[in-house]
Number of protein chains: 2
Amino acid sequence: MKISVNADYILRAMCELGADKTETPISISKIAENQHIPKKYLEKLFHKLKKAGLVKSILGKNGGYILADIPKNITMKRIFKIAENEVRIHNCVNIKKDKICDLFGDCTFKKFWTDFDNHINFFLDSHTLADFIFADNSKNN
Amino acid sequence: MKISVNADYILRAMCELGADKTETPISISKIAENQHIPKKYLEKLFHKLKKAGLVKSILGKNGGYILADIPKNITMKRIFKIAENEVRIHNCVNIKKDKICDLFGDCTFKKFWTDFDNHINFFLDSHTLADFIFADNSKNN
DNA sequence: CTAAAATATACCAATTTAGTAGGAGTTTGT
DNA sequence: ACAAACTCCTACTAAATTGGTATATTTTAG
């Protein structure tokens, strides 16, 4: 069970967008440099972020990205969904192979994997970008 | 973030050992057949389980495996440690690269990853093999 | 002696991870 | 008008991991 580098990359990149007070977009180049993330790799991640509606892009010179929503509305769950190619906690043949699963309505294995999944998602849902950005310099949002 | 098939395989295999009332060992062949797990693959998993001290082996004909401890002492965390080749939740350059990390004593990123790790481990520690075995047929242990 | 069992070691195809490469399209400062 | 600075898009790649196979050796019951 591993967490890819993507979650960390995205988290820090989004924080940089969220922490910026100016209304101008920030470029991939700048974020990559500040956060020590390979530029081309970060580009791909932002492509996903845009498709998922977490950021907006401004084309052309002086272009870049801005958050599509206020930090407190961006949960870690949303970030994880993009960062991790697949989130598979329900690892149980009784769940994967539905026919077997249906035989046991209250299968304890299934219950365990579902509970585990819920436990993780509860944590991810209860943390947002705002937790990271306004930790020391208090501000609204 | 994925959970490999191993955790499911081991969980069901160990349950079969734990549920067995006889004092005789159970062979890999039998478990593999009952649980629909590739025999050779299960063999490798049991090798790890033995090395970790979760099961004991009996060699020769009529040999097989028995639990090395009572079910309630076998936590899901112990199983996960064997099932997952690597458990990496602390995915943060501020943690991986110690020099950067030391610069921020109360880094919010680090805190998040550590909290996440603790959250998961708390869940895994609070479930044992006994939860699966004696769900319906109540019995001591 | 032989069949059934664990043990040990090596191999393998497919997939995933963490990138890199090269350019095409868009906008802006000068 | 034009070059620089951007995003956007597609493809490629090396290394590691995953989920398994294959083959042979050792141990023991009957």
Side-chain angles (χ1 to χ4, degrees), chain A residues 1-10 12-13 17 24-52 54-66 68 80 82-88 91-93 96-97, chain B residues 1-10 12-13 17 23-52 54-68 80 82-88 91-93 96-97:
Chain A
M1 184 166 52
K2 286 179 279 187
I3 287 173
S4 75
V5 295
N6 298 359
D8 178 57
Y9 285 175
I10 293 177
R12 287 188 288 130
L17 294 188
T24 54
I26 306 180
S27 71
I28 298 259
S29 299
K30 202 158 260 180
I31 298 174
E33 196 189 343
N34 289 343
Q35 301 297 333
H36 306 99
I37 301 169
K39 184 186 160 186
K40 283 292 187 181
Y41 193 74
L42 190 58
E43 228 172 51
K44 281 206 300 190
L45 290 177
F46 265 88
H47 188 218
K48 285 188 189 179
L49 286 171
K50 197 199 166 185
K51 256 179 38 182
L54 294 193
V55 296
K56 286 176 187 167
S57 65
I58 286 93
L59 280 180
K61 194 174 177 181
N62 297 333
Y65 290 92
I66 53 170
F80 258 68
I82 296 159
E84 306 296 316
N85 281 341
E86 188 190 1
V87 177
R88 176 162 50 85
N91 190 22
C92 174
V93 291
K96 284 185 289 187
K97 300 181 183 171
Chain B
M1 184 166 53
K2 286 180 279 189
I3 286 171
S4 74
V5 295
N6 297 358
D8 179 56
Y9 285 175
I10 292 177
R12 288 189 286 129
L17 293 188
E23 290 301 317
T24 54
I26 306 180
S27 72
I28 298 259
S29 299
K30 201 159 261 178
I31 297 174
E33 196 189 343
N34 289 345
Q35 302 295 334
H36 306 98
I37 300 170
K39 184 187 160 186
K40 283 292 182 182
Y41 194 73
L42 190 58
E43 231 171 50
K44 281 205 300 188
L45 291 177
F46 265 88
H47 187 219
K48 285 188 190 181
L49 287 171
K50 198 199 165 187
K51 257 180 35 182
L54 293 193
V55 297
K56 286 176 187 166
S57 65
I58 286 94
L59 279 181
K61 195 173 177 182
N62 297 334
Y65 289 91
I66 54 170
L67 290 184
F80 258 67
I82 296 159
E84 306 296 317
N85 281 341
E86 188 189 0
V87 178
R88 176 161 51 85
N91 191 21
C92 176
V93 292
K96 284 185 290 187
K97 300 182 183 171

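End-to-end axis angle of the helix from C/dC1-D/dG30 to C/dT30-D/dA1, from C1' rotation axes over five pairs per end: 0° (rounded to 10 degrees).
Contact record, B/K48 with B/N85: NZ-OD1, 3.1 Å, taken as the closest heavy-atom pair. Contact record, A/P25 with A/G64: CB-C, 3.6 Å, taken as the closest heavy-atom pair.
Going from atom CG of A/L45 over to atom OH of A/Y9 covers 8.5 Å, rounded to the nearest 0.5 Å. Remark: A/Y65 OH to A/I26 CD1 distance equals 13.0 Å, nearest 0.5 Å. Here the CG-CD1 distance, from A/L42 to A/I31, works out to 6.0 Å after rounding to the nearest 0.5 Å. Atom CD1 of B/I82 and atom CD1 of B/I10 lie 6.0 Å apart (nearest 0.5 Å). Atom CE in B/M1 sits 11.5 Å away from atom CZ in A/R88 (nearest 0.5 Å). Going from atom CD of B/E43 over to atom OG of B/S29 covers 8.0 Å, rounded to the nearest 0.5 Å.
Tested against A/I66, the residues A/V55, A/T24, A/L17, A/I58 include a single side chain to side chain contact (heavy atoms under 4.5 Å, CB included) partner, A/I58.
Under the 4.5 Å side-chain criterion, counting only non-hydrogen atoms from C-beta, B/K44 is not in contact with B/K40. A/N6 is listed as a side-chain neighbour of A/Y41, based on a closest heavy-atom distance under 4.5 Å.
B/I28 has its CD1 atom 5 Å from the P atom of C/dA6, to the nearest Å. Note: CG (B/L42) to P (C/dT7) measures 12 Å, nearest angstrom. One interatomic measurement links the two molecules: CD1 of A/I37 to P of C/dT20, which rounds to 12 Å at whole-angstrom precision. Protein atom NZ of B/K30 is 11 Å distant from nucleotide atom P of C/dA6, rounded to whole Å. If you take CG of B/L45 and P of C/dA6, they are 14 Å apart, rounded to a whole angstrom.
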Nucleotides 23-30 of chain C: protein proximity per nucleotide (B base, S sugar-phosphate only, - neither; heavy atom, under 4.0 Å): B--BBBS-
Protein and nucleotides 11-18 of chain C: nitrogen or oxygen contacts under 3.5 angstrom:
{"from": "C/dT17", "atom 1": "OP2", "to": "A/N85", "atom 2": "ND2", "distance (Å)": "2.8"}

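A/E33 is linked by a salt bridge (charged side-chain N to carboxylate O under 4.0 Å, His left out) to nothing, counting only residues two or more places apart in sequence or in another chain. Scanning for side-chain hydrogen bond (donor to acceptor under 3.5 Å, both in side chains) contacts around A/S57 gives A/K50, with sequence neighbours left out.
Contact footprint of chain A on DNA chain D: nucleotides with an atom under 4.0 Å from a non-hydrogen protein atom, first to last in 5' to 3' order, D/dA4 to D/dT17.
Using a 4.0 Å heavy-atom criterion, one finds that A/F46 contacts no nucleic acid atom at all.
Between B/S57 and C/dA5, a side-chain N or O to OP1/OP2 separation shorter than 4.0 Å is absent.
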